[in-house]
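Throughout, numbering of the chain's residues begins at 1 and tracks the sequence. Just so you know, ligand 1 is whichever comes first in the structure, and atom 1 is the first atom listed for that ligand. Excluded from the calculations below are hydrogen atoms, water molecules and symmetry mates; all remaining heavy atoms, backbone and side chain alike, are included.
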Amino acid sequence: MTIQLGDTAPDFTQDSTIGPLSFHEYLGNSWGVLFSHPKDYTPVCTTELGAVAKLKPEFDRRNVKVIGLSVGTLADHEGWSKDIAETQGMAPNFPIIADTDRKVANLYGMIHPNASDTMTVRSVFIIGPDKKLKLSLTYPASTGRNFAEILRTIDSLQLTASHKLATPADWQPGEDCIIVPSVTNEEAKTLFPAGFTEHKPYLRTTPQPAGS
Ligand code: BEZ
């Protein structure tokens, strides 16, 4: 199955390191990040899980619940977590799904048979409080993900969910934003009291609204 942007993220209940996890119920009104790992006890995944554990306060600050997934047993997840603590300085402090029957991996299309018919790719799904898919990324097993980029995309998604704005290439929080084309210049004067610059009729920028 392929899940596309705007689709409702499929619900499921599966075992995890915090007990049986019912996805939609667990997310509640939070944003969610569901990310897959090809296999337990593998080097790149070990570094990724340690990196996300260290960034947990950043996810919390954005009201985002992070959920890992690997096609391994709970016993393997638990043993591996000790290795992650030992080698990365922090054990995973978020649930990791034990997707032994690949229920969730299949539901979310995390297995790409021409890459590997047994291991999941490195998928990232960002889900909004409305349970709709807002962003997905697919990395190969050989390339560890950049979680600062995932936080950056969450900042953009949260900003643009509540303002008629988009964010430009390489945008970082606090930098100017783009006014979406459907907003007229008259409307922009009201919506963006800090003012805006019209570089071209279709390219108008404004400071990021305060408090957003
Ligand atoms: C890793 O996480 O290190 C990894 C997993 C599968 C294949 C290659 C690397």
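For the residue pair N63 and Q158, no side-chain donor N or O sits within less than 3.5 Å of a side-chain acceptor on the partner. For the 3.5 Å distance criterion, the side chains of K132 and T8 qualify, holding a donor opposite an acceptor. Between W80 and T46, the side chains place a donor N or O and an acceptor N or O closer than 3.5 Å (distance only, hydrogens not considered).
For S142, no nitrogen or oxygen atom sits less than 3.5 Å from a nitrogen or oxygen atom of ligand 1, counting backbone and side chain alike. At under 3.5 Å, a nitrogen or oxygen of C45, whether backbone or side chain, sits near a nitrogen or oxygen of ligand 1.
Salt bridge present: R122 and E48 bring a charged side-chain N and a carboxylate O closer than 4.0 Å. Contact check on R62 versus D155 returns a salt bridge, with a Lys/Arg side-chain nitrogen under 4.0 Å from an Asp/Glu carboxylate oxygen.
For atom 3 (O) of ligand 1, the nearest non-hydrogen atom of the protein is V44 N, 2.5 Å. From the protein, the heavy atom lying nearest to atom 9 (C) of ligand 1 is A141 O, 3.8 Å.
Using a 4.0 Å heavy-atom cutoff, M119 is listed among the residues neighbouring ligand 1.
Taking only non-hydrogen atoms, the option from R122, K39, E48 nearest to atom 4 (C) of ligand 1 is R122.
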